[in-house]
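Below is one structure; the comments refer to it alone.
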Amino acid sequence: MAAATTETTFSAEEYFATQPPPPSLEHDIGEVRDFISRQVKEGRNVVLVTSGGTTVPLELNVVRFLDNFSAGTRGATSAEYFLKAGYAVIFMHRQFSLQPYSRHYSHSTNPFLDFLEIESRSGTSSPPEICVTHNMRQDLLEVLTAYKSVHAAGTLHTMTFVTVNDYLWLLRAVSQELCVLGKKSMYYLAAAVSDFFLPRQKMSEHKIQSGKGSLHIEMDQVPKILKPMVHEWTKGEAFIVSFKLETDEQLLIPKARAALERYGHQVVIGNDLHRRKFEVVFVSRAQRPLPSTDLDDQSPGTFAEMWLRIPVLATPNPVTHQVKEIEEDIIAELVRRHSRWINEVYN
Ligand code: PAZ
């Protein structure tokens, strides 16, 4: 094996042999194992949803880090629709990014305190009561009902990552546990994961000092973990969906196709940074024609591309900022494809 400090491209194996696991890995995976075994007993399909951006620390005593863009909206919204479709969800998200249900009351876009009113009870010595603002009650009731029923059913398990190293270790460990579900497992990899990282062996121990002019950092490439994930960790059985984010729309389809060729998984969902909330493209291999949907199939040769679009609204809903969320259609399409994937094996 090449020395980790001089190589710029790590294989997955080299990566895990040289970079330390997060301290809470065993504990986190113990909880995931219990969750999965409950879902197996109850006969549910399980989806791992990854969400939010990873960081790349520049120092061991970390003061500075690089971050990846993502609020976690796609992941948190999608998790809700998977739960609604009867899936159990392992929601692996960047610490403090959006989460299912509470996302509706994000502190920056829809602060919870703005929904509450204080009602003084005049003429009595009782303390004032807290009430929900009248016009927000229906929305809150719907979200709260869904949230409580998911908690009662025990179908949502959340876990957090911060760095790209946390993410990679957790992803591998969760995949190895989820493997017991075979075809009934799905992976929905919506997290925005750094392509570059600084190996521990190259990191400065203390805060990088200024005063020496400009800062030059050479980063190594994060290993391409989809290949071992598809062929080794999940034994080729899981239904795996990755995302491809681009800002140059010309690159979206070629890069999604290249990912499918290289890693051999089931679907790449391409999205453009500025259009991602109302337009995505499903790219998959097209050996067998899919039953027609309202999607726009433009598939020559070995790939099928299906665009999903929702209208861009002039007056957005104050809570969701849209009347319809594109994740509703994304999940409906994936549930349909996953069910076909499962039935192909068992029938
Ligand atoms: O979290 P968000 O809703 O703001 O953004 C979602 C997204 C664009 C990060 C996601 O849809 C995605 O494309 N994830 C993969 C990004 C990548 O290519 O690494």
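One-based numbering along the sequence shown. Numbering of ligands and ligand atoms starts at 1, following listing order.
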Open item on the list: Can you name the atoms of ligand 1, numbered from 1 with element, that are less than 4.0 Å from a heavy atom of T73?
Closed with: 1 (O), 2 (P), 3 (O)
TODO: May I ask you to decide whether E261 forms a salt bridge with R257, counting only side-chain N to carboxylate O separations under 4.0 Å?
DONE: no
TODO: For the residue pair H338 and Y87, categorise the inter-ring angle as parallel (less than 30°), tilted (30 to 60°) or perpendicular (more than 60°).
DONE: tilted
Task: Sub-4.0 Å heavy-atom approach of A191 to ligand 1 - done: yes
TODO: Using the six-membered ring wherever Trp is involved, compare the ring planes of F115 and F112 and label them parallel, tilted or perpendicular (cut-offs 30° and 60°).
DONE: tilted
Task: Protein heavy atom at shortest distance from atom 5 (O) of ligand 1 - done: R276 NE, 3.4 Å
Task: Residue, atom name and distance, where the atom is the protein heavy atom closest to atom 14 (N) of ligand 1 - done: A190 O, 3.0 Å
Open item on the list: When you compare ligand 1 with L189, is there at least one nitrogen or oxygen pair between them that comes in under 3.5 angstrom?
Closed with: no
- [ ] Give yes or no for whether the N/O distance cutoff of 3.5 Å, strictly under, is met between L245 and ligand 1.
- [x] yes
Task: Option of least heavy-atom distance to atom 19 (O) of ligand 1 (set: V193, N271, V268) - done: V193
Open item on the list: Check R94 with D67, please: is the shortest side-chain N to carboxylate O separation under 4.0 Å?
Closed with: yes
- [ ] Distance to 0.1 Å, residue and atom name: give those for the protein heavy atom nearest to atom 1 (O) of ligand 1.
- [x] S70 OG, 2.6 Å
TODO: Report the nearest protein non-hydrogen atom to atom 3 (O) of ligand 1: residue, atom name, distance rounded to 0.1 Å.
DONE: R74 N, 2.9 Å
Task: Result of checking R275, K277, R276 against E279 for salt bridge (charged side-chain N to carboxylate O under 4.0 Å, His left out) - done: R275
Open item on the list: List ligand 1 atoms under 4.0 Å from K244, heavy atoms only on the residue side.
Closed with: 18 (O)
- [ ] Give a yes or no on whether the ring-centroid distance for H265 and F239 is below 6.0 angstrom.
- [x] no
TODO: Please check if any side-chain donor atom of S106 sits under 3.5 Å from a side-chain acceptor atom of N110, or the reverse.
DONE: no
